J.: 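Mind having a look at this structure? Questions to follow.
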Amino acid sequence: MARQAPDGVSISGATFAMKQYPLMNTHLDSPTICALSTPAGSGALAIVRVSGPEAIMLCDRFFQPRSGVPLAERRSHTATFGRLVRDGELLDEAVATVFRAPHSFTGEDTVELSCHGSTFIQQRLLEWLIDAGARAAAPGEFTRRAFLNGRMDLSQAEAVADLIASTSAGMHRVAMNQMRGGFSDELATLRAQLLEFASLVELELDFGDHEELEFADRTRLGELADRIARRIDTLADSFAAGNALKHGLPVAIIGRPNVGKSTLLNGLLNEERAIVSDIPGTTRDTIEETLTLDGRLFRFIDTAGLRDRTTDRIEEIGIRRSFEKADQAAIILYLLDLTDSTADDWLEASRWLRRYEKPVLMVGTKNDLARRSPIHTTDNVQAIHISCREPADIERVKQRIVELADTLTVGTHDVIVTNVRHYEALCRAGEAIRRVLAGLSDGLPGDLLAEDLRDCLHALGEITGGEIVTDEVLANIFSKFCIGK
């Protein structure tokens with residue numbers, strides 16, 4: 001999480017310190033890397049991480065343990081108090097923690113130096129390390145090395161970034177599950193089952209001169225392919241829920257002009273985010289804001305007021321976008337003004353909303369001015385009467401939204417896909433396994449079945465990095481990480 005730098009620019013990692021105090025030496029070819037692993041800016045403490053074959057030796061050049069025992073003689077996973085000194089210059093008192101290969105995050109010898117959080121101390125320590133022969137780490141390079149050294153697969157490495165970026169309990173749970181191997185184990189099971197039959201089909205091809213030999217039972221292969229296809233589809237379908245966890249479950253606030261949509265949004269956020277006016281058509285475009293409720297992230301979308309006709313071209317575009325957001329939302333809040341005698345009645349509105357086949361909460365606003373009798377709920381449409389001026393009513397709306405979300409979210413024990421790269425690979429794997437099913441139904445020969453089986457295995461392997469992953473793909477993945485992770 002980024003801190004506020006002294007010049008007012010919010011940045012992460014070592015970027016601020018690097019800009020203020022340019023490094024004297026880059027050692028671009030050095031196998032040992034270093035970086036600030038805590039947020040940039042001043043703080044109580046800062047951690048500088050060093051990883052590579054010379055990490056311990058480089059730190060021993062200027063870390064003086066109080067005990068007199070150098071880091072090179074320390075056991076793995078031990079912390080040592082000492083001083084940072086070079087050429088008679090005392091920089092700071094620090095704690096050095098040693099992690100020896102392969103039992104470290106990166107799988108390499110690693111030292112973490114915990115010092116005081118002065119930006120000057122941070123940068124001077126990085127200068128010393130780089131002058132000694134290390135080089136500044138690229139974004140995500142520590143995690144990339146963990147992947148390349150077999151400490152984690154690619155999906156687990158990507159989960160590290162998701163864990164750092166998690167803003168809700170739901171996203172935290174999903175990222176932790178994936179980082180601990182939940183998704184990887186699922187894929188490993190699918191690939192192991194496929195590999196067994198793919199091997200038997202390949203064996204048949206080796207004995208092509210004996211057409212009567214059939215090692216892979218086609219009936220069993222069909223049953224397996226069908227079971228795997230259904231599981232792949234389930235994983236791919238979970239991407240919608242995963243995307244909502246990552247970016248917020250979309251909740252569209254719709255209704256006619258002046259029914260209180262912007263007022264409700266401001267009440268939910270507890271801030272004046274949207275302009276409130278008695279003039280119809282004030283909201284011309286959608287306004288989106290996120291809010292965490294009960295540990296889950298929601299993305300509320302305030303939309304332009306719906307009406308049958310308008311001569312304003314801009315308002316017409318806004319109304320069209322309102323319907324689009326309603327289509328895309330997971331939950332709809334449809335607002336009705338209880339004081340407006342010309343507004344559609346509840347029954348007519350509920351019939352119209354029923355077509356969405358998603359949870360809808362009909363919110364009768366201005367209940368403090370015109371109270372009506374309770375409305376019976378039907379199918380997916382529920383109702384509530386509120387006044388946006390009453391904090392207790394706003395809390396009631398929040399509670400109802402959480403209850404509706406409970407009917408949508410996948411259980412926390414399930415594997416949920418949150419990464420678009422994983423989703424695309426699962427789609428390709430699904431297409432390949434369905435070709436296998438079609439080929440079995442049509443009686444295709446083993447060589448064609450083997451090709452589709454290989455395509456499915458390759459697509460699943462791309463997710464974890466078990467198949468060949470290009471440097472370009474790796475660079476793209478880890479470029480999204482912060483420096484120092």
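Just so it is clear, the structure is predicted and the values come from calculations on it, not from any experiment.
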J.: For the pair E127 and R124, evaluate salt bridge (charged side-chain N to carboxylate O under 4.0 Å, His left out) and give the outcome as yes or no after the intermediate values.
T.: CA-CA 5 Å; E127 287 179 359; R124 182 56 63 91; 3.4 Å; yes
J.: Does A94 offer a backbone N or O that forms a donor-acceptor pair with the side chain of D92 under 3.5 Å?
T.: no
J.: Please assess R74 against S67 for the test side chain to side chain donor-acceptor pair (under 3.5 Å), listing each intermediate value before the final yes or no.
T.: CA-CA 11 Å; R74 291 280 176 176; S67 65; 2.4 Å; yes
J.: Please walk me through it: do F120 and L91 pass side-chain contact (heavy atoms from CB on, under 4.5 Å)?
T.: CA-CA 10 Å; F120 171 77; L91 180 62; 4.1 Å; yes
J.: For A96, which residues count as a side chain to side chain contact (heavy atoms under 4.5 Å, CB included) partner, sequence neighbours excluded?
T.: F63, L71, V111, L113
J.: Any chance you could measure L194, atom CG, to R191, atom CZ, to the nearest 0.5 Å?
T.: 8.5 Å
J.: I'd like to know whether CZ of F99 has more than 12 heavy-atom contacts from other residues, nucleotides or ligands below 6.0 angstrom.
T.: yes
J.: Please verify the inter-ring angle class for F183 with H422; under 30° counts as parallel, over 60° as perpendicular, anything in between as tilted.
T.: tilted
J.: Taking atom CG of L426 and atom CD1 of I433, what is their separation to the nearest 0.5 Å?
T.: 12.5 Å
J.: What do the steps show when you test D233 against R230 for salt bridge (charged side-chain N to carboxylate O under 4.0 Å, His left out), and what is the final call?
T.: CA-CA 5 Å; D233 287 344; R230 282 186 277 109; over 6 Å; no
J.: Would you call R86 and E89 a salt bridge, taking side-chain N to carboxylate O under 4.0 Å as the test?
T.: no
J.: Using the rule given for salt bridge (charged side-chain N to carboxylate O under 4.0 Å, His left out), can you reason through R428 versus E424, listing the C-alpha separation, both sets of side-chain angles and the distance that settles it, and then say yes or no?
T.: CA-CA 6 Å; R428 293 198 304 274; E424 291 173 348; 5.1 Å; no
J.: Given the rule in the salt bridge (charged side-chain N to carboxylate O under 4.0 Å, His left out) test, do R454 and E451 qualify, once you have shown the distances and angles that lead to the verdict?
T.: CA-CA 5 Å; R454 283 193 293 267; E451 184 67 27; 2.7 Å; yes
J.: Report yes or no: do S184 and T464 form a side-chain donor-acceptor pair below 3.5 Å?
T.: no
J.: Step by step, would you call R227 with L224 a side-chain contact (heavy atoms from CB on, under 4.5 Å)?
T.: CA-CA 5 Å; R227 187 165 63 252; L224 173 64; 3.3 Å; yes
J.: Which residues pass the side-chain hydrogen bond (donor to acceptor under 3.5 Å, both in side chains) test with R180, not counting sequence neighbours?
T.: none
